[in-house]
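Heads up, the thing below is written out as structure tokens.
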Amino acid sequence: MTGSTEGLRILVTNDDGVNSPGIIALARSMAKLGEVVVVAPDRERSAIGHGLTFFHPVRLRSMGLADGISFYNTDGTPTDCVVLGLRHVMKGRVDLLVSGINRGANMGDDITYSGTVAAAMEGAINRIPSMAVSLASYTREDYDTAAYFARLVAGDLLQNPLPDGVFLNVNVPDLPLEEIAGIRATSQGRTRYSQQVDHRRDPWGGEYFWIWGHPPQGVPGEGTDFEAVKNRYVSVTPLHLSMTREEYLDSLRNWNVVKNHRREDSP
Ligand code: MN
């Protein structure tokens, strides 16, 4: 990196849909760093994870230009949007991928469900500096502070190439800028869910289900994303595509089936 932001090409996506206030605030903020192209789902696709559409076609529609930002929507997932954004809409070089600003935090185990974080994963898979940004609130919903910090962190991300397979997960408290305590590097916490299944019947007697839950609770833990946000800090977590727990490999090698099973034991 030269340190110059001139000619930067930035892909922006989300999982809340192309018309959500979070992506508009993010795109406008990123436009101060370079050329922004938005490719986002045409509807809410939250909690779709890293889904990729394989078995039916995906439509891409240009929505035109607004404030110098090109907007596109698709009927696909956030990951589909990244694939189309990189391989069709932007082609060539993409310097940065930013996903968000999600309505609601993406911390702890929520990360595994998140379409917002999955889009940043897709960027990392394609070896592009990538980050997910989420607003840690469903109440106030003012995206200005998060859009500001997204730009600050993005600026640093461009100066500090991450190791292969690493990308950033940023969570911003929903507070006015002057009430933010600072920025913390954090670890992914754990989440306690109160998952509910409502079993109902439709007018024809057929059964159906609603999967829902009360807002998940972060397990308190020092240095975690939850703790930082609770204390009014912006949380920045370096996530990794590899989910292997290296420290457990030796223990697993001592499992009976791994250690002792031979091909001749098979029936
Ligand atoms: Mn969402």
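Numbers here are sequence positions counted from 1.
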Name the atoms and distances for all side-chain donor-acceptor pairs under 3.5 Å in residues 254-261, with sequence neighbours left out.
from : atom 1 : to   : atom 2 : distance (Å)
N254 : OD1    : K259 : NZ     : 3.4
N254 : ND2    : D250 : O      : 3.3
W255 : NE1    : Y248 : OH     : 3.2
N256 : OD1    : N260 : ND2    : 2.5

Heavy atoms only: give me the nearest [X]-[Y] pair and the separation to one decimal.
X	Y	result
A47	D15	N-OD2, 3.9 Å
A120	S130	O-CB, 3.4 Å
A105	D110	O-OD2, 4.3 Å
V229	A136	CG1-CB, 3.6 Å
V38	A27	CG2-CB, 3.7 Å
G115	P78	O-CB, 3.6 Å

List the residues meeting salt bridge (charged side-chain N to carboxylate O under 4.0 Å, His left out) with E264, not counting sequence neighbours, and say none if there are none. none
I'd like to know whether [atom1] of [X] has more than 12 heavy-atom contacts from other residues, nucleotides or ligands below 6.0 angstrom.
X	atom1	result
Q196	CD	yes
I211	CD1	no
E179	CD	yes
R245	CZ	no
R190	CZ	no

Evaluate T244 against E246 for side-chain hydrogen bond (donor to acceptor under 3.5 Å, both in side chains), listing each step before the verdict. CA-CA 6 Å; T244 306; E246 300 288 341; 4.6 Å; no
Quick one: which of T116, V117, V236 gives a side chain to side chain contact (heavy atoms under 4.5 Å, CB included) with N169? V117
Given D75, which partner from the list R59, R45, H56 fulfils the side chain to side chain contact (heavy atoms under 4.5 Å, CB included) test? R59
Is [Y] reachable from [X] through a run of I, L, V, M, F, W or Y residues, each pair having side-chain heavy atoms under 4.5 Å apart?
X	Y	result
L175	L152	yes
Y148	I69	yes
I180	L26	yes
L162	I183	yes
V153	V12	yes

Establish, from distance only, whether the side-chain atoms of [X] and [Y] form a donor-acceptor pair under 3.5 Å.
X	Y	value
S137	T139	yes
N106	S114	yes
D109	T112	no

Does L60 form a side chain to side chain contact (heavy atoms under 4.5 Å, CB included) with V39? I'd like the steps, not just the answer. CA-CA 9 Å; L60 173 78; V39 184; 4.2 Å; yes
[X] vs [Y] side-chain heavy atoms within contact, under 4.5 Å:
X	Y	result
I128	L96	no
T74	D42	no
M131	L157	yes
I23	Y143	no
N102	V133	no
T191	Q217	no
D95	P129	no
P41	T77	no

Please report the interatomic distance [atom1]([X]) to [atom2]([Y]), rounded to the nearest 0.5 Å.
X	Y	atom1	atom2	value
M121	F167	CE	CZ	5.5 Å
R151	M30	CZ	CE	7.5 Å
L135	N171	CG	CG	9.0 Å
N73	L84	CG	CG	11.0 Å
C81	E122	SG	CD	11.0 Å
I111	T237	CD1	OG1	6.0 Å

Decide side chain to side chain contact (heavy atoms under 4.5 Å, CB included) for F226 and V219; before the verdict, give the C-alpha distance in whole Å, the side-chain angles of both, and the deciding distance to 0.1 Å. CA-CA 8 Å; F226 287 111; V219 179; over 6 Å; no
Would you sort out whether I24 and F71 count as a side chain to side chain contact (heavy atoms under 4.5 Å, CB included), showing the intermediate values? CA-CA 10 Å; I24 310 283; F71 283 85; 4.2 Å; yes
Taking only Lys NZ, Arg NE, NH1 and NH2, and the carboxylate oxygens of Asp or Glu, determine whether D16 and R103 approach each other closer than 4.0 Å. no
Are any of the side-chain nitrogens in R200 or D202 under 4.0 Å away from the carboxylate oxygens of its partner? no
Considering the options Y208, W212, W210, which one meets the side chain to side chain donor-acceptor pair (under 3.5 Å) requirement together with D198? W212
With S235, the side chain to side chain donor-acceptor pair (under 3.5 Å) member among T186, T224, D225: T186
Could you tell me whether a side-chain N or O of S194 sits under 3.5 Å from a main-chain N or O of H214, the two making a donor and an acceptor? yes
Examine R184 relative to Y233 and say whether NZ or CZ is less than 6.0 Å from the centre of the six-membered ring and inside a 45° cone about the ring axis. yes
For the pair D174 and R140, evaluate salt bridge (charged side-chain N to carboxylate O under 4.0 Å, His left out) and give the outcome as yes or no after the intermediate values. CA-CA 7 Å; D174 195 3; R140 184 170 165 271; 2.8 Å; yes
Decide side chain to side chain contact (heavy atoms under 4.5 Å, CB included) for V170 and S134; before the verdict, give the C-alpha distance in whole Å, the side-chain angles of both, and the deciding distance to 0.1 Å. CA-CA 6 Å; V170 179; S134 303; over 6 Å; no
Aromatic rings Y193 and Y113: how do their planes relate, parallel, tilted or perpendicular, breaks at 30° and 60°? perpendicular
